[in-house]
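Below: one structure, written as structure tokens.
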Amino acid sequence: MPRPSSASPLLSLPGAVPAEAPDEGVAAHYGDLFREQRALADGTGFVDLSHRGVVTVTGAERLSWLHLLLTQHVSDLPPGQATEALILSAHGHIEHAVSLVDDGETTWMHTEPGNQEALIAYLESMKFFYRAEVADRTDEIAVVHLPAGSIAEVPGNAVVRETAHGRDLFLPRADLESFAADHGPAIGVLALEALRVEAHRPRLGLETDHRTIPHELGWIGTAVHLQKGCYRGQETVARVHNLGKPPRRLVFLHLDGSEVHLPPHGTPVRLASDGEEGRQLGFVTTSARHHELGPIALALVKRNVPVDAQLTAGSTAAAQEVVVEP
């Protein structure tokens, strides 16, 4: 969990409503959730992600060393090329997820709020004789997200991680308020989460639990490179990819719009025909209200749930779309 001192100064902006777990420390919204979503979809505004953990790795052997630990191929990562990667347990379960970019001298990573200390502890335990230095930069560097299509000018002192979904900036925390004044409107994390759910993009700690493997969430290919060398958990990745199917799969849910409340994380998913006392087939991982689609969610369900089955999320009717093939 983020430290209290990590609360963003942008929470003092007009209309700011603090976010709840796991996004404490930044704004959920600034008074108009759907307007903020539309602004993001149109490529305007920015999202304050200054609560996320920031870790850097420096040293001549940083990329070759990280290549041994991460699921992604990074030994020859060109400067400025964004990627994402996982760290797995020996059994192939997801322990860490990082969004990273290298600027030619430093590898920059951001991870879930409060997760940086455990990530650093693991990295430090694996250094051995490699020339690489790991640092927690969370107190001095803030992450800011610019949406895809944004034409906002990036400050010269920011490191940029550009993806199809937008640009993540590693910005000096001292410059956060001046950045907000020049690049508004500020947009809360709920708007970004709604667009993330729409795009079927998993998030550590929400779409994952203690036994999640990458195949269940569609992270093979985007965060897991299948042709790279050995790393912890690789045997499970290869075995499931070559010989079997994951036990669960991520699905996208269109929820009944007549319900007042969204089903929270962990809400049981069942076959609609079995009723509320039926066997649990999975659980809601993230739910959101979308400016065009209405109430939507991601859920993790058993692989053998029929793709055309009508489901319920708690008491809410849910129609599923396939994200990960059964």
Side-chain angles (χ1 to χ4, degrees), residues 49 52-143 157-163 167-172 202-205 208 210 212-215 217 219-241:
L49 299 179
R52 290 184 64 82
V54 176
V55 176
T56 59
V57 183
T58 55
E61 297 178 325
R62 66 189 182 282
L63 289 176
S64 58
W65 173 64
L66 287 171
H67 185 80
L68 300 175
L69 307 179
L70 303 179
T71 58
Q72 189 58 270
H73 197 299
V74 298
S75 59
D76 302 313
L77 188 68
Q81 180 174 311
T83 192
E84 57 183 347
L86 309 175
I87 292 175
L88 307 180
S89 73
H91 299 291
H93 301 137
I94 299 169
E95 292 189 346
H96 299 283
V98 296
S99 301
L100 63 90
V101 68
D102 192 271
D103 65 7
E105 297 181 352
T106 301
T107 302
W108 296 79
M109 298 182 277
H110 66 80
T111 188
E112 289 297 323
N115 194 50
Q116 67 272 15
E117 293 177 1
L119 173 62
I120 290 171
Y122 173 71
L123 294 176
E124 289 286 358
S125 74
M126 301 299 291
K127 277 178 60 174
F128 304 114
F129 299 107
Y130 282 89
R131 290 179 294 170
E133 296 298 326
V134 182
D136 184 349
R137 304 290 296 278
T138 308
D139 286 342
E140 57 183 295
I141 301 294
V143 179
N157 60 349
V159 174
V160 181
R161 178 180 177 273
E162 185 164 4
T163 73
R167 288 174 288 173
D168 295 337
L169 311 185
F170 294 87
L171 183 75
R203 182 176 172 186
L204 182 75
T208 67
H210 68 283
T212 305
I213 60 176
H215 316 65
L217 304 183
W219 256 330
I220 301 297
T222 60
V224 178
H225 195 288
L226 292 173
Q227 279 77 50
K228 63 160 287 186
C230 186
Y231 55 88
R232 190 174 71 173
Q234 185 193 27
E235 289 185 2
T236 298
V237 169
R239 184 171 63 251
V240 174
H241 180 74

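The model shown is predicted, which means the values in this text are computed figures rather than measured ones. Values reported hereafter were calculated over all heavy atoms of this structure, with side chains retained and with hydrogens, waters and symmetry mates removed.
- Within a 6.0 Å sphere centred on OH of Tyr122, other residues, nucleotides and ligands contribute more than 12 heavy atoms.
- A salt bridge links Arg203 to Glu112: at least one charged side-chain nitrogen sits closer than 4.0 Å to a carboxylate oxygen.
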* To do: Mind running side-chain contact (heavy atoms from CB on, under 4.5 Å) on Val55 and Leu119 for me, showing each step along the way?
  => CA-CA 9 Å; Val55 176; Leu119 173 62; 4.1 Å; yes
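- A heavy-atom distance below 4.5 Å is not found between the side chains of Val101 and Val160.
- The two residues Pro214 and Ile220 come nearest to each other via the heavy atoms CB-CD1, 4.0 Å.
- The aromatic ring centroids of His93 and His210 lie 6.0 Å or more from each other.
- Here the closest non-hydrogen pair linking Ala82 and Glu162 is CB-O, 3.3 Å.
- With His96 as the fixed residue, the side chain to side chain donor-acceptor pair (under 3.5 Å) test singles out one of Asn115, Thr71, Thr111: Asn115.
- The heavy-atom pair separating Val74 from Leu66 by the smallest distance is CG2-C, 3.9 Å.
- Atoms CG and CD1, on Leu86 and Ile213 in that order, are 11.5 Å from each other to the nearest 0.5 Å.
- Taking each heavy atom of Thr138 and Gly53 in turn, the nearest pair found is OG1-CA, 3.6 Å.
- Looking at Arg52, its side chain never comes within 3.5 Å of a backbone N or O of Leu49 through a donor-acceptor pair.
- No hydrogens or angles considered: a donor-acceptor pair under 3.5 Å links the side chains of Thr83 and Gln72.
- Here the side chain of Gln116 pairs a donor or acceptor atom with the backbone of Gly114 at under 3.5 angstrom.
- Summarising the geometry, atom CG belonging to Asp102 is positioned 3.5 Å from atom OG1 belonging to Thr107; distances are rounded to the nearest 0.5 Å.
- Using cut-offs of 30° and 60° for the angle between ring planes, the His73 and His67 rings count as perpendicular.
- Other residues, nucleotides and ligands contribute over 12 non-hydrogen atoms within 6.0 Å of the CD atom of Glu124.
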* So Val237 and Tyr231, side-chain contact (heavy atoms from CB on, under 4.5 Å) or not? Walk me through it. -> CA-CA 10 Å; Val237 169; Tyr231 55 88; 3.7 Å; yes
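- The CZ atom of Phe170 sits 10.5 Å away from atom CZ of Arg137, with the distance rounded to the nearest 0.5 Å.
- Environment of CD in Glu140: crowded, with over 12 heavy atoms of neighbouring residues, nucleotides or ligands closer than 6.0 Å.
- Considering only heavy atoms from C-beta on, Thr56 stays 4.5 Å or farther from Val134 through its side chain.
- The main-chain N or O of Met126 is found under 3.5 Å from a side-chain atom of Trp65 such that the two form a donor-acceptor pair.
- Checked by atom type and distance alone, the side chain of Arg232 pairs as donor or acceptor with a backbone atom of Leu88 at under 3.5 Å.
- No side-chain donor-acceptor contact under 3.5 Å links Ser75 to the backbone of Ser64.
- Between Leu171 and Ala158, the shortest heavy-atom contact is CD1-CB, 4.0 Å.
- Smallest separation of non-hydrogen atoms from Ala97 and Leu204: N-CD2, 3.7 Å.
- Between the His110 side chain and the Val98 main chain, no donor and acceptor come within less than 3.5 Å of each other.
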* **side-chain contact (heavy atoms from CB on, under 4.5 Å) evaluation trace for Ile87 with Leu70** => CA-CA 5 Å; Ile87 292 175; Leu70 303 179; 3.6 Å; yes
* To do: Apply salt bridge (charged side-chain N to carboxylate O under 4.0 Å, His left out) to Lys127 and Glu133, showing your working.
  => CA-CA 9 Å; Lys127 277 178 60 174; Glu133 296 298 326; 3.4 Å; yes
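- Put simply, the side chain of Val159 does not reach to within 4.5 Å of the side chain of Leu169, judged on heavy atoms.
- A distance-only check finds a donor-acceptor pair linking the side chain of Arg161 to the backbone of Leu100 [under 3.5 Å].
- The closest side-chain heavy-atom distance from His215 to Val224 is not below 4.5 Å.
- Between Trp108 and Val57, the closest side-chain pair of non-hydrogen atoms is not below 4.5 Å.
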